[in-house]
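Heads up, the thing below is written out as structure tokens.
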Amino acid sequence: MKKTTIPLIRLVPGLIIGPASWLGPYIVMNSLFLPALIQHLDAQNKVGLVALFSTCGMVIAAISNMVAGALSDKTKSRFGKRTPWIIGGAFAFMISMIGASFAPNIPTLLLAWMIGQAALNFIVAPMVAWIDFAPKDGKGTASSAYGGLGMALGNNGFNVIGALFLSQFRLGFIIFGIITFIGVLIATWIVREPSNLDEKLPIKKQKKSHLL
């Protein structure tokens, strides 16, 4: 079976914008808005609650990352195997962050944040697999675009903007959730993953779900 490739002129911008769009807002919300909201809801127990959110988030992220990768591997759709999950994850993440912004108490915030952690990994796991679409002689370029430029931009490019919303952290959840969704949409539009409806899966996997 012929391997699907995407020209670097489309793949590289997507691999820069994509990870920057989820990583940057996540870092801002995790490091600035979430502690501020926990402080607002239960200042007395802030330290323990931040640790609880972090621990639960790591567990949910690890599980959902594996599930997202496995599901996207088995997906067939006219938008390819990765794009439906990436867009779905971005939409769910945006909704969960909007939910977090309106959380009236810690249990509601914890639920919204855990849903957001799971949704985020339905962006992360399939998006990393975009690197496999690079032409044989462009793997290094694609990998550098994702890990070097995209992740670096996400790590360093949003903190200053996020600090402007620190006094309005509930609004910040909404704004940065929307930024993630729009950025991911732009990245998927640029990459334009081809249909894989004619892709032949191994016999044992042919009865798996076909999307769209």
May I have the step-by-step check of side-chain contact (heavy atoms from CB on, under 4.5 Å) for Trp113 and Met97, ending in yes or no?
CA-CA 7 Å; Trp113 189 254; Met97 292 303 99; 3.7 Å; yes
Hey, mind stepping through Leu149 and Leu153 against side-chain contact (heavy atoms from CB on, under 4.5 Å) and telling me if it holds?
CA-CA 6 Å; Leu149 294 174; Leu153 182 58; over 6 Å; no
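- When each of Thr4, Thr188, Thr83 is checked for a side-chain hydrogen bond (donor to acceptor under 3.5 Å, both in side chains) with Glu193, only Thr83 meets the rule.
- Here the shortest heavy-atom pairing between Ile123 and Gly89 reads CG1-C, 3.7 Å.
- Arg82 has a carboxylate O that lies under 4.0 Å from a charged side-chain N of Asp73, or vice versa, which qualifies the two as a salt bridge.
- A continuous path of ILVMFWY side-chain contacts below 4.5 Å connects Leu171 to Ile161, so both sit in one hydrophobic cluster.
- A search for side-chain hydrogen bond (donor to acceptor under 3.5 Å, both in side chains) contacts involving Thr108 returns Asn105, not counting sequence neighbours.
- The nearest pair of heavy atoms linking Gly116 to Ser96 is CA-OG, 3.1 Å.
- With Ser54 contributing its side chain and Val50 its backbone, the two residues share no donor-acceptor pair below 3.5 Å.
- Summarising the geometry of Asn121 relative to Ser64, their closest heavy-atom pair is CB-OG, 3.3 Å, with the distance given to 0.1 Å.
- Ile190 and Trp130 are assigned to two separate hydrophobic clusters, defined by single-linkage of ILVMFWY side chains at heavy-atom distances under 4.5 Å.
- Ile86 and Phe133 fall within the same hydrophobic cluster, defined by Ile, Leu, Val, Met, Phe, Trp and Tyr side-chain heavy atoms under 4.5 Å apart, directly or through other members.
- Applying the side-chain contact (heavy atoms from CB on, under 4.5 Å) criterion to Ile178, with sequence neighbours excluded, gives Met94, Ile174, Ile182.
- When all heavy atoms of Ala187 and Gly14 are compared, the pair lying nearest together is CB-O, 3.8 Å.
- Heavy-atom neighbours of Leu164 CG from other residues, nucleotides or ligands within 6.0 Å: above the threshold of 12.
- A continuous path of Ile, Leu, Val, Met, Phe, Trp and Tyr side chains, each step under 4.5 Å between heavy atoms, connects Trp189 with Phe91, placing both in one hydrophobic cluster.
- The two residues Met151 and Pro19 have their closest heavy-atom pair at SD-CB, 4.0 Å.
- Checking each of Phe169, Phe33, Phe181 against Phe176 for a ring-ring contact (aromatic ring centres under 6.0 Å, His included) leaves exactly one that passes, namely Phe33.
- Atom CG in Leu166 sits 5.5 Å away from atom CG in Leu32 (nearest 0.5 Å).
- Between the NZ atom of Lys46 and the CG atom of Leu37 there is a distance of 11.0 Å, given to the nearest 0.5 Å.
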Ignoring hydrogens and angles, write down the donor-acceptor pairs under 3.5 Å from the side chains of residues 20-30, residues two or more places apart or on other chains.
from	atom 1	to	atom 2	distance (Å)
Ser21	OG	Ile17	O	2.7
Tyr26	OH	Gln117	NE2	3.3

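- Under a hydrophobic clustering in which Ile, Leu, Val, Met, Phe, Trp and Tyr are joined whenever their side-chain heavy atoms come within less than 4.5 Å, directly or via other members, Ile179 and Leu120 fall into the same cluster.
- Of the possible polar contacts, none joining the Ser143 side chain to the Gly140 backbone as a donor-acceptor pair under 3.5 Å is found.
- Interatomic distance, CZ of Phe53 versus CG of Leu34, reported as 5.5 Å (0.5 Å rounding).
- Heavy-atom minimum distance, Lys76 versus Asn196: CA-OD1, 3.3 Å.
- Note: Ile131 CD1 to Tyr146 OH = 7.0 Å, rounded to the nearest 0.5 Å.
- Arg78 places no side-chain N or O within 3.5 Å of a backbone atom of Ser195 that could act as its donor or acceptor partner.
- Residue Cys56 holds its SG atom at 11.5 Å from CG of Leu111, rounded to the nearest 0.5 Å.
- One distance of note links CG of Leu110 with CG of Leu52; it measures 5.5 Å at 0.5 Å rounding.
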